[in-house]
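Below is one structure, written out as C-alpha cells; the observations come after it.
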Amino acid sequence: MKILLLDTEKFEFKAIEPESSVYDEFEKGKSESFRDVLVAFVTLEKGDDDSVFDNVLSDISDYMSKIGRKDLIIYPYAHLSDELLPSSQAIKLYNSLVDFLKKNGINVIKAPFGWNKSYTVQIKGHPLAESLRTYKAKKGKKVSFTPKEKFYKFFVIDSEGNEYEIFKEKLDEYDVLNKNPALKRFVQNELIGKETHKEEPAHIKYMRKLELVDYCPESDIGHLKWFPKGVVIRDLILDYAEQLAMEWGAIKMQNPLIYRTDVEAIALLQGEFHERDYKIEGEDMVLRFASDPGAFPFVQKVSLSYRQMPFKVYEEAQCFRKEQSGEVVGLMRVRSFLMTDHHAFCQNEEIAKKEYYELSKLFAKLMNDIISGEHWVLGFEIVDEYYEKYKDFFKQIIKDIKKPAFFKLMNRMTHYYAFKNEFQAIFPDGNNLQISTVQWDVKNGERFNLTYMNEEGKKVFVPIIIHASSFGSIERALASMLESAAWQEKEGNVPLLPFWLSPEQVRVLPVSSIEHLEYAKKIANEIDKKGFRVSIDDRDITLGKKVAEAKSDWVPILVVVGAKEVQSGRLNVVNRIGAKIGKEPSVEMSIEDLLSLLDKLQAGMPKRKLSLSMYLSKRPKFI
RNA sequence: GCCCCGGUAGCUCAGUCGGUCAGAGCGACUGCCUUGUAAGCAGUAGGUCGCGGGUUCAAAUCCCGCCCGGGGCUCCA
C-alpha cells in the first residue's frame, strides 16, 4: 500500500462518471471542496490486506498532530504503483480502511472509489507538506475489521404460513420452536451461538472405524485420504447426483482446477469469496475456490438463445479453500472438497421461480431419504425487499416441504444473491451443518457478461441465475449420514448407512469356514451377479465373532449358512435395517426371496462394485 | 490465526513430582479347536514414547521451538 500525503490549502474534486466495474455509490457530477485538510492519495497493491491498518493509523495520526490538521481526505488513487490490487478486492479494503480510521477517531472524508474524477490541489509551502509512505502486509498476522450484524430481523414461518418474529432474548417462549427442537437448536446456534461440547463429532470416530476416510498428515490440513469403502460411497453419491442433474435437464461440464487472478472475472469472484485462496507461489494463479470461476467463463462463451433457456449446467467441482487451521474439523470443514454444483441461467422470474421451487423440493427429499433422516431444518437469508416481493412463494415452498423455516433478513445485498436457502443438518451434539442450498442471483448475469438472444433478436443479460448444490459437498454429505447413524444409535436403533450406500450390503457367514464355505460361495455369487456388494466371512473364527464384526462394520443384511441351510437349501437372513440394537430379527427364506428383498431395499438406486476381495480373509486392515 | 488439552506398537490406551517404564487389550502372524447369531485357547513378532533442540550422571517423564489431532474463540462464500 502506498500513501501520498499532501497538506493542502485547498482541495477540490469532482466525480465525472464510474470507470471501473466496481465503484462506490456517488452522485454523478457532484463536486466537493475543502480548506486546510490533509489529503491521502491511497494506492492498494497486490498482496495488501488489513494487517497494515495499524501502521497506517499511527503514522497518519502522528503526522496530523505534527502539522495540526483535523480532517483527512482519503482519495483512492491508482497511479502510485503498477502492481494494483484487483478493483473488486480494492474497493472492500479501501472501505474497511476508511471505517477503521473513523472508528479510531480520525475525521475521515472519503472520495468515491471507481470513479473518473477531476481534482485541483493547492499545497502548503512547508517542508512536511508532501510525503510518500509505503506499507507492506504482515505475513500470518491478519486482523479482521469486517463489520458484523448484517441481519436485522429474524422470524419463523410454519407450514400453515404463519409468521413468528423471533427475539433471541426469549427463545424459550415460542411454541413453534418448542414443537420443533431441531429448528430451535438451529435458531439458537444462529442467534446466540453454539453450545460448547467437549467431545469430538461422532462422524470423525465413524469415518475411521468403518475405514472410509482418514486424515492425511503428509498433505496439508483438511485434505483427506479415502479408503476403498469410502471411495465406493463417494462414487455412488456422484452417480446419483449426476443422475438427478440429468433428469433436471443439465448439461455436465468439467472445468480446470487452477485459475488466473489477473483475469477480471476471477478477481471479482475472489473478492466475493473471502480471500481464503490457495495461491500458487510465483504465479498469479489460485486453486479453484468455488464452482463459479469455472462455470461463469464457461457459460459466457456459450451462444445461447431464448430457445435453449433456461440453460442448466452441472459440475463436480473440486474446490480448495485455505480455511484457518483452527476451523478445520473432520469432514465438516475441510480445505479440499468436492461439490455437486448446479446452475440454471433463467430468462425471467417465472422460470427462475419454477427452478428454485423444484430444486428446493428435490433437496428436501434428499435430506429426508439419504442425508439426514428427519434431523434437518430449513433456513433462509433474504434481502428485505425480496422478502416482500416473494413472501407467498416462500410460504408455498415451506408448505410443500412440510417443515417450518427460519428467516434472516438483511437490509442490503451483501453477496451476489438476493436470497438463498440452506438445508442444515442437525447433529446429535447440537451442531448444525449446511448441506444443500439454492440461491437466487440477480447480479452476476450482468457482472460477468452472461447473455442470450431474446425473441426480438436482442442480446440481453441473463437476469437471474439459480445457484444450487444437491449434496453440498461429498464430504459434508458423508459427515451428515454418519451423524444421522449416530442419531439412530442414540435412539436405540441399529446405526447404518442407507442401504444403497453401504460399502458391504450383504455378508454371508458360514458357520464353519471349512464345511460350509462352498455353499456360502454359491449364495454370494448369486447375490454378486445381481450387482449387490456382498462379502463372505471365510475366516477361521467362531460364528459369534463373525456376527459381532459384521454388526460393528454396519453391514445391513447378514446371511448365516450352516449344516441346516446346506441341508434345506434355504437361508437364515438377518435384516438389521430399522431394527432395535440387540433385537435384529432373523428370518428363514429362499435365495429368491432374499434377492427380491435386496431389490426392494435398493429401490433403483445406483450400484457399484467395491474394490475389495469378496473374501474377508483377503482384505487387509487399513486402520 | 489465537487460547486450552492431547500425541506411547497397525488400533484403543496405561505408565510422567526424572532412575527395572518399554506395558496391556484388540489387530497381525503361528499352532490347537471346526465352531449356530456381539468377541474360543495358547504362543510369536511389532515401538526413534509426534519431530528437533536444551537441562541432567540419567528424559516417554522437565524446558524451548515446530508438526499433527480435539475443544473453545474468530470464521463459515
Side-chain angles (χ1 to χ4, degrees), chain A residues 51 138-146 148 150 189-190 193-201 204-205 208-209 211 214-223 269-277 289-293 319 321-330 332-334 339 381 414-417 420 422 424 429 431-434 437 439 441 467 469 472 476 494 507 509-517 537 539-553 558-566 572-574 576 581-587 617 619-623:
Chain A
S51 64
K138 290 175 209 158
K139 270 207 177 136
K141 290 221 168 157
K142 278 204 179 176
V143 196
S144 178
F145 295 101
T146 37
K148 258 252 145 186
K150 65 179 179 182
N189 288 353
E190 290 285 297
K194 290 175 181 168
E195 246 174 33
T196 60
H197 37 267
K198 291 196 189 81
E199 289 188 5
E200 65 178 10
I204 296 181
K205 189 175 68 186
R208 306 186 70 243
K209 171 185 137 80
E211 299 194 317
D214 200 2
Y215 296 114
C216 184
E218 296 75 26
S219 180
D220 188 15
I221 299 165
H223 294 246
L269 284 166
Q270 266 189 299
E272 292 272 3
F273 283 89
H274 269 252
E275 301 183 19
R276 290 277 172 91
D277 308 323
F289 45 88
S291 161
D292 294 353
C319 299
R321 291 184 200 168
K322 202 150 190 166
E323 306 290 0
Q324 294 182 77
S325 56
E327 297 165 354
V328 173
V329 122
M332 295 169 64
R333 199 77 177 277
V334 288
M339 287 204 313
E381 289 184 8
T414 56
H415 299 295
Y416 54 80
Y417 51 85
K420 70 163 180 173
E422 308 168 333
Q424 296 270 357
D429 64 9
N431 218 336
N432 61 280
L433 185 67
Q434 178 183 323
T437 176
Q439 308 177 347
D441 171 2
H467 302 233
S469 181
R476 286 190 170 191
V494 169
R507 187 177 288 181
L509 314 178
V511 174
S512 157
S513 312
I514 298 166
E515 288 166 32
H516 313 125
L517 188 59
D537 195 341
R539 295 171 302 168
D540 180 19
I541 51 178
T542 59
L543 180 65
K545 182 144 187 169
K546 292 178 187 179
V547 170
E549 284 199 22
K551 291 181 176 179
S552 127
D553 288 347
L558 312 184
V559 179
V560 178
V561 295
K564 233 190 297 175
E565 286 72 25
V566 175
N572 182 316
V573 175
V574 182
R576 305 180 60 235
I581 294 171
K583 295 194 177 144
E584 293 101 313
S586 76
V587 180
S617 69
R619 295 182 180 178
K621 283 226 151 236
F622 291 93
I623 292 180

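The shown structure was predicted, so the numbers you read here are calculated from the model rather than taken from an experiment. Throughout, a chain's letter reflects where its sequence line sits, starting with A, and its residues are numbered from 1.
Residue A:Thr542 places at least one side-chain N or O closer than 4.0 Å to OP1 or OP2 of B:G40.
Judged as a side-chain hydrogen bond (donor to acceptor under 3.5 Å, both in side chains), and not counting sequence neighbours, the contacts of A:Arg539 are A:Asp537, A:Glu549. In this structure, the side chain to side chain contact (heavy atoms under 4.5 Å, CB included) partners of A:Val560, at least two apart in sequence or on a different chain, are A:Leu509, A:Val511, A:Leu543, A:Asn572. Every residue meeting the side-chain hydrogen bond (donor to acceptor under 3.5 Å, both in side chains) condition with A:Asp441, not counting sequence neighbours, appears here in chain and number order: A:Asn444, A:His467. With sequence neighbours left out, the side-chain hydrogen bond (donor to acceptor under 3.5 Å, both in side chains) criterion links A:Gln434 to no other residue. Residues passing the side-chain hydrogen bond (donor to acceptor under 3.5 Å, both in side chains) test with A:Ser219, sequence neighbours excluded: none. In this view, A:Val573 and A:Ile557, A:Val559, A:Leu571, A:Met589, A:Leu594 satisfy the side chain to side chain contact (heavy atoms under 4.5 Å, CB included) rule, not counting sequence neighbours. Judged as a side chain to side chain contact (heavy atoms under 4.5 Å, CB included), and not counting sequence neighbours, the contacts of A:Gln324 are A:Arg276, A:Glu327.
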Contacts under 3.5 Å, N or O only, protein and nucleotides 5-9 of chain B:
none

Pairs under 3.5 Å (N/O, protein and nucleotides 27-32 of chain B):
unit_1, atom_1, unit_2, atom_2, d
B:G27, OP1, A:Lys545, NZ, 2.4

Please tabulate, one pair per line, each protein N/O and nucleotide N/O from nucleotides 10-13 of chain B that are separated by under 3.5 Å, including the distance.
unit_1, atom_1, unit_2, atom_2, d
B:U12, OP1, A:Arg208, NH1, 3.2

Report, one pair per line, the protein and nucleotides 2-4 of chain B atoms (nitrogen or oxygen only) whose separation is under 3.5 Å.
none

Name the pairs: protein N/O against N/O of nucleotides 64-69 of chain B, kept only if under 3.5 Å.
unit_1, atom_1, unit_2, atom_2, d
B:G69, O3', A:Tyr215, OH, 3.2

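Within the 4.0 angstrom heavy-atom criterion, base atoms lie near A:Glu565. A:Ala563 comes within 4.0 angstrom of a nucleotide base, judged by non-hydrogen atoms across all strands.
Under the Watson-Crick and G-U wobble criteria, each requiring two contacts below 3.5 Å, nucleotide B:C41 is paired to B:G31.
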